[in-house]
Amino acid sequence: MNYLENISNNYDVGLYIRLSREDDDKIYESESITNQKSLLMQYVKENNLRVYNIYIDDGYSGTNFDRPGFKKMIDDIENHKINMIVTKDMSRLGRDYIGTGELVEKYFPKHNVRYIAVTDNIDTFLDDSNNDIAPFKAIMNDFYAKDISKKIKSSLRAKMKEGKFVGGRTPFGYQKDPNNKNHLITNEEQASVVRRIFKMSLNGLTYFKIAKILTKEKIKTPAEYYNFEWKNNYDVKYGEWHAKTIGDILKNRMYIGDLVQNRRNKVNYKVKKVIKNNPKDYIIVPNTHEEIIDKETFYEVQKRLPKNVGRSEKKENHLLDGLLYCGDCGHRISVTARRKKDNRCYTVCNYYRTFIKDRKCTTHCNNYDELEMVILDSLKQICLNYIDSKKIRNKVLNDFNLQDENNYQNEIKNLKNEIDKLNENLDNIYIDKLNNIISLEQFDRVKSKINTEIEVKKHKYNDFIYKSENHSDMEEKNKIIGRYINDFLEMKHPTRELIINLIDKIEIFNDKRLNIKVSFTEK
């Protein structure tokens, strides 16, 4: 007679079944939901047990207990609806040895719940030697989960280094290639918004201003595309663009065709918390997908971003926002809101305002409107000197040349390495053909594919070589800078675009001295 037969009517049984994605990937047939359920139903039938409910978590890791089926089972225990739990083995209950141990050794006994792991021969209501090794089984299950986590992480890193996209959510402007989930293709509807954001930034608009325009025009946000469900503590509504979103888009190197991954990592295999990685740990593979923004535009925007800052709460945007710095402490100087009583606004050192009690710096208070007039008059005089001299010795050109040269040289270096690697692969498959490892048909197919890739990369390589050799031609850039200056002198109300192209930064000292650092060297 079965040992449970005489007492089976005293138990209301909960059958717990769990299958994680890791188990599914290994295609362990014995671990499938169907087979676990079949085994457990056979067990309760043989022992004449009364099943109250079956709790299933399909696709949930055993390293934590944040699973809907498991939570429902615990609720039923708390409400005295079940007093026996049966699983296939202990690993189905969980792979975290601390949490599993707490359940088996403390929680279940406290709530008078009998736990049975069928294939591990564990029954907590029996005085059996198998129960003594239960803690060791829990530890081994934990080790297994840790090992699986390492292998998955290693596999993902390998794919990242190969230039394969492994993320869940694609960057705004891209979507996964339906024929290759590890490759990105352009989503033209979103990409058009990205291009417009970059264009507005080039025109000198701040993150906040760009966000405000897109919201007003009811342009669909990334949150709407991805169907985000915001938590209650988020004061966010669909349809509202935010300055941070604009900033993230403008700084994202993915838009020039480079794959940037490994930006974040989980703390460990048990904790869901995600932390940001140091940029030096990013895995970057150039030229893996179609660019939405050309490299020249992207790097020009990166150069201007510090000038385009602006506080989102400001009702008034000023011509010199983001260009003012304290000449004494080096921190930014901001502009206060315009006062109603005299219609004036003033400058204030941010460092002073932050540490006002400690007197770390001084106010650097100036009437902004008067300051702007003084700076514009000074800038016009500098520009007149520049035009008279007819001589370009300016920082803008040096910056242009240096930035371009660095970008070109990086691209040339990366493309050369990629071409060398492809040629090495070509040599390897030739050796494989000689050794009869691959057939002639396979060799021809792979050879054709590699040669095509080499030709594409050689074309890009030669293009960057040409740009590198000819980008220092000053004539065209002289015309651009000259046009900015002439436009400035002809306009009574210079645009923000003109100002950020002509001014690098403005230092304001406590004694009212000004140091205007322009993007060119005046006479």
Side-chain angles (χ1 to χ4, degrees), residues 20-26 59 61 63 145-187 190-191 194 222 225-226 247-293 295 298-299 302 406-407 409-425 428 446 449-450 452-454 456-457 460-461:
S20 69
R21 285 185 292 271
E22 291 84 356
D23 295 320
D24 192 43
D25 288 342
K26 296 180 78 66
S61 171
T63 56
K146 187 175 183 179
D147 182 59
I148 287 292
S149 175
K150 286 183 177 179
K151 289 177 179 177
I152 291 174
K153 186 176 290 187
S154 176
S155 173
L156 289 176
R157 286 183 66 88
K159 288 182 178 180
M160 290 178 190
K161 291 180 178 179
E162 291 173 4
K164 296 179 179 179
F165 179 76
V166 297
R169 178 167 59 87
T170 59
F172 183 71
Y174 289 105
Q175 64 188 40
K176 291 182 181 180
D177 188 337
N179 299 317
N180 180 0
K181 67 178 182 179
N182 299 123
H183 180 249
L184 296 178
I185 59 175
T186 302
N187 180 314
Q190 298 175 10
V194 173
Y225 279 107
Y226 300 131
D248 289 343
I249 288 174
L250 290 172
K251 297 172 187 175
N252 195 343
R253 184 173 163 181
M254 299 276 276
Y255 293 123
I256 60 174
D258 296 346
L259 196 58
V260 183
Q261 299 186 102
N262 199 44
R263 294 182 177 183
R264 298 174 180 82
N265 270 326
K266 288 184 178 179
V267 174
N268 60 44
Y269 68 104
K270 294 182 180 181
V271 182
K272 286 186 174 182
K273 181 180 178 181
V274 175
I275 57 175
K276 291 183 178 180
N277 287 338
N278 190 305
K280 68 181 179 62
D281 296 323
Y282 291 174
I283 296 177
I284 303 174
V285 182
N287 306 316
T288 61
H289 52 274
E290 182 182 357
E291 66 180 28
I292 292 177
I293 304 299
K295 291 179 175 60
F298 179 81
Y299 287 112
Q302 304 316 298
N406 288 339
N407 294 337
Q409 291 305 320
N410 286 337
E411 292 294 339
I412 289 169
K413 180 180 177 181
N414 290 332
L415 285 167
K416 185 178 185 305
N417 289 337
E418 292 171 18
I419 292 170
D420 290 343
K421 185 176 180 180
L422 287 170
N423 280 320
E424 183 180 342
N425 292 341
N428 289 335
V446 176
K449 182 179 178 181
I450 293 177
T452 300
E453 290 185 51
I454 290 175
V456 171
K457 292 188 184 298
K460 290 184 178 180
Y461 177 83

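A quick note: this is a predicted structure, and the numbers were derived from the prediction, not measured. Just so you know, these numbers use all the heavy atoms, side chains as well, and skip hydrogens, waters and symmetry mates.
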Heavy-atom donor-acceptor pair, D281 side chain to N262 backbone, under 3.5 Å: no
Residues Y461 and I412: closest non-hydrogen pair is CE1-CG2, 3.5 Å
Taking all non-hydrogen atoms of both residues into account, name the closest pair between A191 and I292 and its distance. CB-CD1, 3.7 Å
Which residues pass the salt bridge (charged side-chain N to carboxylate O under 4.0 Å, His left out) test with K416, not counting sequence neighbours? D420
If the plane angle is over 60° it's perpendicular, under 30° parallel, otherwise tilted; pick one for H289 and Y174. perpendicular
N/O donor-acceptor pair under 3.5 Å between Q261 side chain and K164 backbone: yes
Separation between NZ (K159) and CG (L259), nearest 0.5 Å, reads 13.0 Å
Partner of K457 under side-chain contact (heavy atoms from CB on, under 4.5 Å), picked from T452, N417, L415, is L415
Here the gap from L250 atom CG to I293 atom CD1, rounded to the nearest 0.5 Å, amounts to 9.0 Å
Should L184 and M254 be marked as a side-chain contact (heavy atoms from CB on, under 4.5 Å) after you check the CA-CA gap, both sets of side-chain angles, and the distance that decides it? CA-CA 10 Å; L184 296 178; M254 299 276 276; 3.8 Å; yes
Applying side chain to side chain donor-acceptor pair (under 3.5 Å), name anything that partners N278, two or more places apart in sequence or on another chain. none
Sequence neighbours left out, what passes side chain to side chain donor-acceptor pair (under 3.5 Å) with E290? Give chain and number order. T186
Heavy-atom closest pair (P171 atom, N252 atom, distance to 0.1 Å) is CB-ND2, 4.1 Å
Contact between I256 and Y299 at the side-chain level, heavy atoms closer than 4.5 Å - yes or no? yes
Please identify each residue that fulfils side chain to side chain donor-acceptor pair (under 3.5 Å) with N425, with sequence neighbours left out. none
So CD1 of I284 and CZ of R253: to nearest 0.5 Å the spacing works out to 4.5 Å
Is M160 close to V166 at the side-chain level, that is, under 4.5 Å between some pair of heavy atoms? yes
Just so I know, are the side chains of D248 and F172 near enough to count as touching, which here means a heavy-atom distance under 4.5 Å? no
For I185 and P178, work out which heavy atoms get closest and say how close. CD1-CD, 3.8 Å
Any side-chain to backbone donor/acceptor pair from N423 onto I419? Under 3.5 Å, distance only. yes
Return the set of residues passing salt bridge (charged side-chain N to carboxylate O under 4.0 Å, His left out) with K176 (not counting sequence neighbours), or none when no residue passes. none
Nearest heavy-atom neighbours spanning N287 and D258: N-OD1, 3.0 Å
Output for pair (L422 CG, I450 CD1), nearest 0.5 Å, gives 6.5 Å
Residues which pass side-chain contact (heavy atoms from CB on, under 4.5 Å) with N414, listed by chain and number, not counting sequence neighbours: P286, E418
At what distance, to the nearest 0.5 angstrom, does CZ of F298 lie from NZ of K251? 10.5 Å
